[in-house]
Amino acid sequence: MRMTQMFGKTLRQAPAEAETPSHRYMLRAGLMHQIAAGVYAYMPLAWRSLRKISDIVRYEMDAAGAQEVLMPALQPRELWEQTGRADAYGPVLFQLKDRRDRDMVLAPTHEECITNMVRANVSSYRDLPLNLYQVQSKFRDEPRPRAGLLRGREFIMKDAYSFDADPEGLDISYQKMVQAYRNIFTRCGLPTMAVEADSGAIGGKDSHEFILPAEAGEDTILHCKECGYAANVERASFYLPVLPNERELPIEQVATPGKKTITDVAAFLSVPESKTLKAVFYAAEGKLFFVVIRGDLDVNEIKLSNTLKASGLHMATDEEVKEAGLVPGYASPIGIKGVTVIADQSVTNGSNFVVGANREGYHLRNANFPRDFQADVVTDIAIAKEGYACPKCRTPLSATRGIEVGHVFKLGTFYSERLGAMFLDESGQQKPIIMGCYGIGVSRLLAAAIEQNHDDKGIIFPAPIAPYQVHLVGLNLERDDVRAAADSLYDSLTKQGFEVLYDDRREETAGVKFNDADLLGLPVRLVVSPRNLQQNAVEVKGRTEERGRLVGMGETADVVKGMVS
Ligand code: ATP
Ligand code: MG
């Protein structure tokens, strides 16, 4: 491609609202064009890169035995009502009406649609197992579209769905996808971590996320360098050292005027925070929940929300707390009535705790579980943090920020039951099909690649997904001999199958051309110039190399080949 003909211009500066490196560089390099918040048109360079990503995805999905389909984005809302997700999705679901006033949605994902299609085409165990996938645009009215392609409202996803007759079959389908995902990310030149992920309120089922480590990521991963344990913080557990058993002492009230926070109370009474209990109030679906956890730990709201199976969980306001007859800052689990108490398992690890006295300005010493207070549920609702002990081997956990680029999930029979996707097993019994779902954010992956691979000059494309492999810069092209040499190198490399972007502009300076080459970030830069030509040579430089080297004109192709494969 000759730059004089290519659609798209590079910009000196990115628009002010571009927050992250990938967003800034994709706009500056003319890769995409914004149409609305979180809605982008992919220009030729981005599209070439996205096609390379989806080619790799398709190859590996096909190799794993999946079959490609393409389902509609436009769907009747009624289909979503059958699974309850029309409401559950809330405002994220794009909804519209057709000309006959029928309610329609733009699909954020395709479980309903594919289950409907499979129901009509699968009837016997002989039709299973099955894995179907597509590469397609998804629509989600995200509350905070951000950072360009990282979180869009229309974005490209590869989504796959597996259908099996039994749980063992699902295990195999799931493992095949995990392996296919590893292959895909490795082949894209983008190593990811597979981490345990939150599996939502349904719970208990396997779910893994593929995380690309990068600063701009919204996810925090806790991982163990010793044994390899890795989990999203939403889900991560940890080992809590067991405190020595003490003799349980009698409860005693102490004045703690003005001391409402754990830190203040612990300091005032000269006890470690692990010797206190923290009361936190949450509300959901019009109910108040009293959550109690050891004072040195914090509540993981995702674990809590999964435990409560309630939607719209939020911290209760002081008013909501007072309405329940409790004193904010001094609330106590002791003697509490009419409120559901959820205790973190840490309340069983330790004794003689300091707790609120449910009286302004007072706390109680020597509270013990279950002697002095009970809980409706005792479970793990604590958030894991960097430095806490690994749940498997007790080594301190490390934290990494990253971007979720893929997600695999065992669904079970949630969709097949609600949509009636049944099959007859070998004994002629009717059963719901067991499903799994597997997503890759194709457009997010491009942005994530740039978040992970850039410097202060621009993008550093991993070779397998670069829009072109070679950036050929011609200098002083007003000279016929130089132009002829550059043109002929361009033709020859292109004929040999290299993908070459040829900066054939005559009016731009060397400085501008080099800056653009750095900004676009193709793996190899070649420079044809009067000086290099005197030695019948071309300057070759990898994007991350400090300086280039001269290579004989005739050896250029071989050298480039070694650099891009
Ligand atoms: P997130 O937690 O980032 O909102 P999700 O868990 O809702 O993502 P899934 O429903 O698991 O996403 O979708 C599969 C994949 O699609 C994700 O792993 C991610 O790579 C991609 N993806 C999800 N939402 C978006 C979005 N708004 N923009 C771009 N890619 C997205
Ligand atoms: Mg996800």
Side-chain angles (χ1 to χ4, degrees), residues 14 17-27 31-32 37-38 40 46 49-50 53 57 92 138 140 142-153 155-158 178 181-182 184-186 188-200 207-225 228-238 298 300-303 383-388 397-409 438-456 458-462 465 521:
E17 70 275 9
E19 313 133 80
T20 66
S22 75
H23 192 190
R24 280 198 294 277
Y25 286 142
M26 289 191 75
L27 291 173
L31 262 60
M32 63 186 189
Y40 293 88
S49 192
L50 288 168
I53 295 172
V57 167
V92 171
K138 296 281 186 274
R140 295 184 184 180
E142 298 272 3
R144 279 174 298 281
R146 82 176 259 280
L149 300 190
L150 278 187
R151 186 171 293 284
R153 295 195 298 160
F155 59 95
I156 304 174
M157 196 202 284
K158 185 287 301 177
V178 168
Y181 276 33
R182 289 188 199 281
I184 288 167
F185 296 123
T186 306
C188 286
L190 297 169
T192 57
M193 308 165 71
V195 312
E196 288 180 16
D198 171 51
S199 48
S207 173
H208 287 86
E209 282 165 356
F210 290 79
I211 303 283
L212 193 87
E215 262 319 298
E218 292 176 40
D219 287 275
T220 301
I221 304 309
L222 290 168
H223 54 103
C224 174
K225 294 193 169 132
Y229 171 80
N232 195 311
V233 68
E234 295 178 345
R235 143 101 183 197
S237 53
F238 57 95
D298 287 307
N300 177 333
E301 296 188 358
I302 301 211
K303 288 184 185 175
I383 194 156
K385 292 182 187 166
E386 180 160 34
Y388 283 15
L397 292 167
S398 313
T400 302
R401 285 194 80 71
I403 301 167
E404 177 193 327
V405 290
H407 194 172
V408 295
F409 197 104
Y438 316 91
I440 289 184
V442 172
S443 51
R444 178 183 284 184
L445 189 59
L446 173 57
I450 298 171
E451 292 298 341
Q452 198 188 46
N453 302 280
H454 67 268
D455 59 16
D456 55 4
I459 302 169
I460 302 173
F461 270 112
I465 62 165

Test side-chain contact (heavy atoms from CB on, under 4.5 Å) applied to Tyr25 and Ile459, Leu31, Thr20, the passing residue: Ile459
Heavy-atom pair with the smallest gap, counting every atom of Ser22 and Ala147: OG-O, 4.2 Å
Beyond-backbone contact of Arg444 with Ile403, side-chain heavy atoms, under 4.5 angstrom: yes
Side-chain donor or acceptor of Ser443 paired with backbone N/O of Phe155 under 3.5 Å: no
Ala230 versus His223, closest heavy-atom pair with distance: CB-CB, 3.8 Å
With sequence neighbours excluded, residues passing ring pair (Phe, Tyr, Trp, His ring centres under 6.0 Å) with Tyr181: Phe210
Whether Glu386 side chain and Ala399 backbone form a donor-acceptor pair below 3.5 Å: yes
Check: Val233 main-chain N/O paired with Asn300 side-chain donor or acceptor under 3.5 Å: yes
Residue list, side chain to side chain donor-acceptor pair (under 3.5 Å) with Ser207, at least two apart or on another chain: His407
Rounded distance [0.5 Å steps], CG in Asp219 versus CD1 in Ile211: 4.5 Å
Straight-line distance of Leu149 CG to Met26 CE, nearest 0.5 Å: 4.5 Å
Sequence-distant partners of Glu19, side chain to side chain donor-acceptor pair (under 3.5 Å), two or more places apart: none
CD1 on Ile302 to CG on Asp198, rounded to 0.5 Å: 5.5 Å
Worked verdict on Glu451 versus Leu150 for side chain to side chain contact (heavy atoms under 4.5 Å, CB included): CA-CA 9 Å; Glu451 292 298 341; Leu150 278 187; 4.0 Å; yes
Enclosure of Glu215 CD (heavy-atom neighbours >12, cutoff 6.0 Å): no
Closest non-hydrogen atom pair, Leu212 against Ala449: CD2-N, 4.0 Å
Under 3.5 Å: donor-acceptor pair, side chain of Arg401, backbone of Pro213: no
Counterpart residues, side chain to side chain donor-acceptor pair (under 3.5 Å), relative to Gln452 (two or more places apart): none
Derivation and outcome, side chain to side chain contact (heavy atoms under 4.5 Å, CB included), residues Leu27 and Met32: CA-CA 6 Å; Leu27 291 173; Met32 63 186 189; 4.2 Å; yes
From CA spacing to verdict: side chain to side chain contact (heavy atoms under 4.5 Å, CB included), Met157, Arg140: CA-CA 12 Å; Met157 196 202 284; Arg140 295 184 184 180; 3.5 Å; yes
Close side-chain approach of Phe461 and Ser49, heavy atoms under 4.5 Å: yes
Which atom of Ser237 lies closest to which atom of Ala384, heavy atoms considered: O-CB, 4.2 Å
Side chain to side chain contact (heavy atoms under 4.5 Å, CB included) evaluation trace for Thr400 with Thr220: CA-CA 6 Å; Thr400 302; Thr220 301; over 6 Å; no
Flag side-chain contact, heavy atom, 4.5 Å: Val195 against His208: no
Note, Leu445 side chain near Phe185 side chain (heavy atom, < 4.5 Å): yes
Met193 side chain reached by Ile221 side chain, heavy atoms, under 4.5 Å: yes
Check ion pair Lys303-Glu234 (N to O, under 4.0 angstrom): no
Under-4.0 Å salt bridge between Glu142 and Arg153: no
Leu50 side chain reached by Val442 side chain, heavy atoms, under 4.5 Å: yes
For Tyr388, all residues meeting ring pair (Phe, Tyr, Trp, His ring centres under 6.0 Å), sequence neighbours excluded: Phe238
Contacts of Arg24 that satisfy side chain to side chain donor-acceptor pair (under 3.5 Å) - sequence neighbours left out: none
Close side-chain approach of Arg146 to His23, heavy-atom, < 4.5 Å: no
Heavy-atom side-chain proximity of Ile440 to Ile184 below 4.5 angstrom: yes
